[in-house]
Amino acid sequence: MRSALDQWHMGKVIAAYRAHPHHDRPLRQETVAAWVGITQPQLSRIENGPPITDLGRLTQWARLLHIPADRLWFQVPQQRAARPPAHASAPAAEPPPVPVPVSARATVSGPGEDAAAAVAAWRAVDAQIGGAHLYATVATYLRDHLSLRMFGGEGTQVFTAAAALTEMAGWMAHDAGDDDRAGRHFARARDLSGVGDDPHLRVHVLASLAHLAHHRAHPDDAIGYAAQGQRELTAGPAHPELAARLWALQARGHAAAGRSRETRALLGRAETALQGSHSAAPSPWVSPFDAASLAGDAARCMRQLGDLLAAQRHAQRVLELRPAGRTRSRAFGHLTLAGVLIERGALDQACAVATDVLYTTGSLGSYLVIQQLRDLRDQLQPHRATACARGFLDHLAEALRQREWLYQLTTDTTQSRTSPTP
């Protein structure tokens, strides 16, 4: 593998990957070719022909095989930006289930800054490649390393670190389509955060519980979790982004019930909250919530309320604000926009937007994106008589077959590496 990488020849890298003893038996060319929607003869030509020079194709293979950025001879967009501090070290235990950039392989050698660096690094990589790929790495670390240290007398900080990583594992399980496991992780994270020393983290976990309740179509529970978070947040240092997220989560609950006035008022409060300032150093454990995040929530709300023009405007704002490296977030923005355009009867535009999602998310390990693609398929079926819808649906059917097969392969590996559940 090192020799192939040193030759700057992606075809030789693919061949070395297929033959690596980690797989127990060599992977067939037909299998790997299917991952990117090409034929076995085409992959054979890539492996045995001249080196690929097209950056887009190189990037696709680098992300699909999860080649560490420091081994590449070209720059993958956004991938080098998330490297950890120099003091972050590589794990001494079993390697992660898929190779990921060095930033996501940082080991938490202490309960403070190193743990926060690892959380930030994993979040950055998760945004690019999806939770299905990374869940096993985080869950295994929790089970084999951090859980043991909670009984070692290291103080409350280790419980805070454990709560943050458990909450992150919950999001990755959710992205992988296992909401029952996600719920267990979030509940455990809430308990751990009560022992820890960061009140903002506990509020952050309540926001995650609210999001999961929305996904399970329990808007009243979501409003309850978010309102509880607001009450707890007002008792501590100000955190504008977290406050905005909680207002937006409550707005989503009211939108689900068709309450337009309350929804718009809460979205306005969220927008105002984002303009506030921190009264203390922000918690390193709380994931970011920014104008693009709020625009995504507003687009969902306006679509539920039937205000399609506003929903389209907010979805387009997500795409304006999110950089190319935020693959999953942009996919959600594109898919929301495509759905709104279909409802507005702009089928040509909708199919163009949806096609862009297919090209940019080929190696993204996200069940949520797959599910939204299925929803888009169902939404377009009544329009199959039109040429654009028919062409896209045929393309989508093949893409879904490939992704569902690859996703199942990934989740089977994840389950075998994370049993019993941490």
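FYI, side chains are in, hydrogens and waters are out, and symmetry mates aren't considered; it's all heavy atoms of this structure. Every value quoted in this text rests on a predicted model; they were computed, and no experiment measured them.
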Margin query: Under 4.0 Å between a side-chain nitrogen and a carboxylate oxygen: does that hold for Asp180 and Arg216?
Written below: yes

Check: Once you round to the nearest 0.5 Å, how far does CZ of Arg326 lie from CZ of Arg328?
Finding: 8.0 Å

Check: What is the distance from atom CG of Leu209 to atom NE2 of His214, rounded to the nearest 0.5 Å?
Finding: 12.0 Å

Next item on the list: Give the C-alpha distance, both sets of side-chain angles, the deciding distance and a yes or no for side-chain contact (heavy atoms from CB on, under 4.5 Å) between Leu347 and Leu380.
Entry: CA-CA 9 Å; Leu347 296 181; Leu380 270 174; 4.2 Å; yes

Checklist line | Closest heavy-atom pair and its distance - Val353, His334 | finding: CG1-O, 3.3 Å

Check: Given Asp6 and Arg71, is the salt bridge (Lys or Arg N to Asp or Glu O under 4.0 Å) satisfied, shown in steps?
Finding: CA-CA 9 Å; Asp6 289 345; Arg71 296 290 184 182; over 6 Å; no

Next item on the list: State, without any angle test, whether Arg245 and His204 hold a side-chain donor-acceptor pair at a distance under 3.5 Å.
Entry: yes

Note to self: Would Arg390 and Thr386 count as a side chain to side chain donor-acceptor pair (under 3.5 Å) here? Give the steps.
What the structure shows: CA-CA 6 Å; Arg390 184 168 58 253; Thr386 63; over 6 Å; no

Margin query: Once rounded to the nearest 0.5 Å, what's the spacing between atom CD of Glu241 and atom CG of Leu294?
Written below: 11.5 Å

Item checked: Side-chain H-bond candidate by donor/acceptor type, Gln379 with Asp375, under 3.5 Å -> no

Checklist line | Neighbour count above 12 (heavy atom, 6.0 Å) for Arg374 CZ | finding: yes

Check: Are any of the side-chain nitrogens in Arg188 or Asp191 under 4.0 Å away from the carboxylate oxygens of its partner?
Finding: no

Next item on the list: Give, for atom CZ of Arg45 and atom CD1 of Ile52, the distance between the pair rounded to the nearest 0.5 Å.
Entry: 12.0 Å

Check: Taking all atoms of both residues into account, what is the closest heavy-atom pair of Leu212 and His174, and its distance?
Finding: CD1-ND1, 3.8 Å

Next item on the list: Fit a plane to each ring of His215 and His211, take the angle between them on a 0 to 90° scale, and name the class: parallel (under 30°), tilted (30 to 60°) or perpendicular (over 60°).
Entry: parallel

Item checked: Donor-acceptor pair between Thr160 and Asp198 side chains, under 3.5 angstrom -> no

Next item on the list: Tell me, with the steps shown, if Arg190 and Tyr225 meet side-chain contact (heavy atoms from CB on, under 4.5 Å).
Entry: CA-CA 11 Å; Arg190 178 181 53 187; Tyr225 283 127; 3.8 Å; yes

Next item on the list: Provide the closest heavy-atom pair for Asp175 versus Ser366 in the form atom of the first, atom of the second, distance.
Entry: OD1-OG, 2.5 Å

Item checked: Check: His200 side chain, Pro282 main-chain N or O, donor-acceptor pair, under 3.5 Å -> no

Margin query: Assess, by modelled atom type and distance only, whether the side chains of Gln228 and Glu232 contain a donor and an acceptor separated by less than 3.5 Å.
Written below: yes

Checklist line | Leu58 and Trp73, any side-chain heavy atoms less than 4.5 Å apart | finding: yes

Notebook entry, point to check: If we ignore angles and hydrogens, is there a donor and acceptor under 3.5 Å between the side chains of Arg63 and Thr59?
Noted result: no

Check: Does a side-chain heavy-atom distance below 4.5 Å link Ile342 with Leu376?
Finding: yes

Next item on the list: State, with a plain yes or no, whether a side-chain heavy atom of Trp171 is found less than 4.5 Å away from one of Phe186.
Entry: yes

Next item on the list: Check the pair Arg264 / Asp307 against salt bridge (Lys or Arg N to Asp or Glu O under 4.0 Å), numbers first and verdict last.
Entry: CA-CA 11 Å; Arg264 296 174 192 274; Asp307 189 344; 3.2 Å; yes

Next item on the list: Over all heavy atoms of both residues, which pair between Ser277 and Ala238 is shortest? Give the atoms and the distance, please.
Entry: O-CB, 3.9 Å

Checklist line | Shortest non-hydrogen contact between Ser193 and Ala163, atoms and distance | finding: N-CB, 3.7 Å

Next item on the list: Indicate yes or no for a side-chain donor-acceptor contact from Ser44 to the backbone of Gln40 under 3.5 Å, with no hydrogens or angles considered.
Entry: no

Next item on the list: Decide side-chain contact (heavy atoms from CB on, under 4.5 Å) for Arg344 and Val340; before the verdict, give the C-alpha distance in whole Å, the side-chain angles of both, and the deciding distance to 0.1 Å.
Entry: CA-CA 6 Å; Arg344 295 193 61 209; Val340 170; 4.3 Å; yes

Margin query: Minimum heavy-atom separation for Cys351 and Cys388, please, with both atom names.
Written below: SG-O, 3.6 Å

Next item on the list: Report the distance from atom CG of Leu400 to atom CG of Leu393, rounding to the nearest 0.5 Å.
Entry: 10.0 Å

Notebook entry, point to check: Heavy-atom distance under 4.5 Å between the side chains of Leu267 and Trp247, does that happen here?
Noted result: no

Checklist line | Test item: side-chain donor near acceptor, Asp290 and Ser293, under 3.5 Å | finding: yes

Next item on the list: May I ask you to test the Arg28-Arg18 pair for a side-chain heavy-atom distance under 4.5 Å?
Entry: no

Next item on the list: Check step by step if side-chain contact (heavy atoms from CB on, under 4.5 Å) holds for Val203 and Val286.
Entry: CA-CA 9 Å; Val203 175; Val286 175; over 6 Å; no

Checklist line | Nearest-0.5 Å distance that lies between atom CD in Gln312 and atom CD in Gln349 | finding: 6.5 Å

Notebook entry, point to check: Can you find a side-chain donor-acceptor pair between Thr327 and Arg322 that sits under 3.5 Å?
Noted result: no

Notebook entry, point to check: Is the shortest heavy-atom distance from the side chain of Leu305 to the side chain of Ser260 under 4.5 Å?
Noted result: yes

Notebook entry, point to check: Does Thr263 reach the main-chain N or O of Ala255 with its side chain, forming a donor-acceptor pair under 3.5 Å?
Noted result: yes

Margin query: In the structure I gave you, are the side-chain heavy atoms of Arg330 and Val318 within less than 4.5 Å of one another anywhere?
Written below: no

Item checked: Tyr135 and His185 aromatic centres sub-6.0 Å -> yes

Item checked: Arg313 vs Met302 side-chain heavy atoms within contact, under 4.5 Å -> no

Margin query: Hydrogens and angles aside, do Glu47 and His9 bring a side-chain donor and acceptor to less than 3.5 Å of each other?
Written below: no

